[in-house]
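The chain is numbered in sequence order, starting from 1.
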Amino acid sequence: MNQPPQHFPCTTSELELSTDSPPAASSRHGRRLYPIMAVLHYTLDFKLRAPADVSATVHGLQSIFQEQEMTENVHNLYGHGYLATFVGKNGRFAILRMHSHGLVTFDLQCLEGDDVAQVDNLLNALEKKLKALLDGNIQRIKRLPVLIRGSDVDRYWPTADGRLMEYDIDEVVYEKDSAYQNIKILHSRQFGNILILNGDVNLAESDLPYTQAIMGSGKEHYAGKEVLILGGGDGGILHEAVKLKPKMITMVEIDELVIDGCRKHMRKTCGNVLDNLKGDCYEVLVQDCVPVLKKFAEQGRTFDYVINDLTAVPISTAPEEDSTWEFLRLILDLSIRVLRPGGKYFTQGNCVNLTDALREYEKLLGRLSCKVDFSKEVVCVPSYMELWVFYTIWKK
């Protein structure tokens, strides 16, 4: 359970601002506001064939840190290798650790705006010196691209299976907090504008393969058919479905702020279909889809295609502990009730690597109130940077 943050009063003697801090500006409430600077985090790793001579290695590196005017502080690891921290006058902070099992790691943090050439010279000198000191004992050297922490533009987003990805994001185009979720649209030089909901990458302007897959990958005939879209506030499915000349499309999206943001900033995805919530062959209902589905079921209203674009299969494989599973089952049951005989239900699954979660979803399909069968397809969605599973489900 999340605990609320605790706030402890402190006096100026207990909390002092560094005299080296950038000059502060005043807010309209009279408080001092300090500019937020990103921290650049550099790493350098040496994987060794055997543990190194700590004393000789550390002694050989001292001149490099002395040249950078960095003060050393050695920490006691109680027999678990060597650890030293280094602090520079320019705000640089470094950690050198020699692990007892034969791994040497170096982490360097500096503030945005630091002299990049000096930082590179430090890392290059350290790498060159360690190569000389550890000659013949090095199995692998790894120097990762710089990690930018605390930037105004967040470039790092996890994949569904927990791997960290760095996107080429250069601008926050839109950000709102609705009653349901945090909504961001960020611009990527490679993928165009990307819709991100509650920290999950949902759809980019590059992601037509997602939309095509969740509509049946071009194998279906929508002309003259009735279609129900659940979610889909980015307008991508609606935009593509309208082109196929259906009889009528009903789209149910709960979050009007998603529609508003995508109407303005995801035009390559939605075209002009979100300019009006009602067109010649479609209607967008800004409502919760659950009561709408229940009403349709009670009225006996049915559809040739139901496209569920609400949520992916949960990562958790414990349905009793995750209410999203119960929500999925409810949506499935209600959707199958409004699906015509011979009709099809399309939905996304999740990342192909989440085999346990996908297996749990397929078990869920066997426990619905109506017997169903299914097929699945794996598609590469550009902005996800991972393979994604899509399901087609129909009544037996």
Side-chain angles (χ1 to χ4, degrees), residues 210-256 259 270 273-274 276-313 324-349 361-377 389-396:
Y210 175 99
T211 304
Q212 292 171 332
I214 206 169
M215 292 179 63
S217 295
K219 302 170 187 172
E220 304 299 323
H221 301 285
Y222 283 84
K225 302 294 177 64
E226 292 197 63
V227 183
L228 176 62
I229 302 171
L230 306 177
D234 52 73
I237 298 171
L238 180 61
H239 178 54
E240 294 303 318
V242 164
K243 298 176 185 177
L244 302 176
K245 304 188 184 308
K247 179 180 179 182
M248 186 63 188
I249 304 169
T250 303
M251 175 175 138
V252 189
E253 167 61 52
I254 196 171
D255 200 334
E256 192 164 13
I259 295 174
C270 66
V273 293
L274 297 181
N276 297 292
L277 298 185
K278 198 166 187 177
D280 292 339
C281 67
Y282 70 89
E283 181 179 14
V284 178
L285 306 177
V286 183
Q287 298 179 37
D288 181 345
C289 73
V290 173
V292 172
L293 279 168
K294 288 179 178 178
K295 182 180 74 174
F296 287 166
E298 290 168 2
Q299 294 173 343
R301 186 174 175 185
T302 57
F303 299 86
D304 298 290
Y305 295 104
V306 178
I307 303 173
N308 177 1
D309 193 34
L310 294 169
T311 182
V313 169
T324 309
W325 282 103
E326 188 53 41
F327 175 72
L328 280 181
R329 179 171 181 170
L330 175 63
I331 296 298
L332 272 163
D333 267 327
L334 289 171
S335 297
I336 295 301
R337 285 177 64 186
V338 301
L339 192 64
R340 289 175 182 162
K344 291 183 179 178
Y345 173 92
F346 297 116
T347 190
Q348 60 171 315
Y361 181 73
E362 291 167 17
K363 288 181 184 176
L364 175 62
L365 295 178
R367 298 195 296 268
L368 299 179
S369 56
C370 172
K371 291 189 178 298
V372 299
D373 210 342
F374 69 91
S375 64
K376 54 187 175 181
E377 178 183 16
V389 178
F390 291 86
Y391 285 92
T392 302
I393 300 164
W394 59 90
K395 295 178 182 179
K396 282 188 176 179

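Panel note: side chain K371, backbone G366; no donor-acceptor pair is recorded below 3.5 Å. Using modelled atom types, no side-chain atom of Y222 and backbone atom of V227 make a donor-acceptor pair closer than 3.5 Å. In terms of modelled atom types and a separation under 3.5 Å, the side chain of R337 and the main chain of L293 share no donor-acceptor contact.
Taking 4.5 Å as the limit, some side-chain heavy atom of L310 sits within range of a side-chain heavy atom of C289. The side-chain heavy atoms of C270 and D234, taken from C-beta on, include no pair separated by under 4.5 Å. You'll find the side chain of K395 reaches within 4.5 Å of the side chain of L339, heavy atoms only. L332 places a side-chain heavy atom less than 4.5 Å from the side chain of Y345. Between Y282 and V242 there is a side-chain heavy-atom pair separated by less than 4.5 Å. For the pair W325 and L364, the minimum side-chain heavy-atom distance is below 4.5 Å. Contact annotation: the side chain of L230 never approaches that of I307 to less than 4.5 Å [non-hydrogen atoms, C-beta and beyond].
For the atom pair L368 CG and D333 CG, the distance stands at 5.0 Å (nearest 0.5 Å). Rounding to the nearest 0.5 Å gives a distance of 13.0 Å between CE of M215 and NZ of K344. Of the inter-residue distances, the one linking N308 atom CG with L334 atom CG reads 11.0 Å to the nearest 0.5 angstrom. Note that CD1 of I393 and NZ of K376 are 11.5 Å apart. Values are rounded to the nearest 0.5 Å. How far CD1 of I249 is from NE2 of H239: 11.5 Å, rounded to the nearest 0.5 Å. Rounded to the nearest 0.5 Å, atoms CD1 (I336) and SG (C370) are 6.5 Å apart.
Listed by chain and number, the residues in a ring-ring contact (aromatic ring centres under 6.0 Å, His included) with F327 amount to none (sequence neighbours excluded). Residues satisfying the side-chain contact (heavy atoms from CB on, under 4.5 Å) criterion with L285, sequence neighbours excluded, are T250, V252, E283, Q287, V292.
In this structure, R340 pairs ionically with E226, as a charged nitrogen and a carboxylate oxygen lie closer than 4.0 Å.
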Go through I259 and E253 one step at a time and tell me if the side-chain contact (heavy atoms from CB on, under 4.5 Å) criterion holds. CA-CA 8 Å; I259 295 174; E253 167 61 52; 3.7 Å; yes
Between F346 and Y305, does the side-chain contact (heavy atoms from CB on, under 4.5 Å) criterion hold? Intermediate values first, please. CA-CA 8 Å; F346 297 116; Y305 295 104; 3.5 Å; yes
If you apply the rule side-chain contact (heavy atoms from CB on, under 4.5 Å), what do you find for I214 with I237, and how did you get there? CA-CA 8 Å; I214 206 169; I237 298 171; 3.6 Å; yes
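Within a 6.0 Å radius of NZ in K243, more than 12 heavy atoms belonging to other residues, nucleotides or ligands are found. Within 6.0 Å of CD in E220 there are more than 12 heavy atoms belonging to other residues, nucleotides or ligands.
Note: Y391 and Y361 meet the aromatic proximity criterion, with ring centroids under 6.0 Å apart.
Nearest heavy-atom pair, S217 versus E377, reported as atom, atom and distance to 0.1 Å: OG-OE1, 2.7 Å. Contact record, P246 with A241: CD-O, 3.3 Å, taken as the closest heavy-atom pair.
Under the 3.5 Å distance criterion, with hydrogens and angles disregarded, a donor-acceptor pair is assigned to the side chains of Y210 and D309.
Below 30°, between 30° and 60°, or above 60°: for F296 and F303 the angle between ring planes is between 30° and 60°, a tilted geometry.
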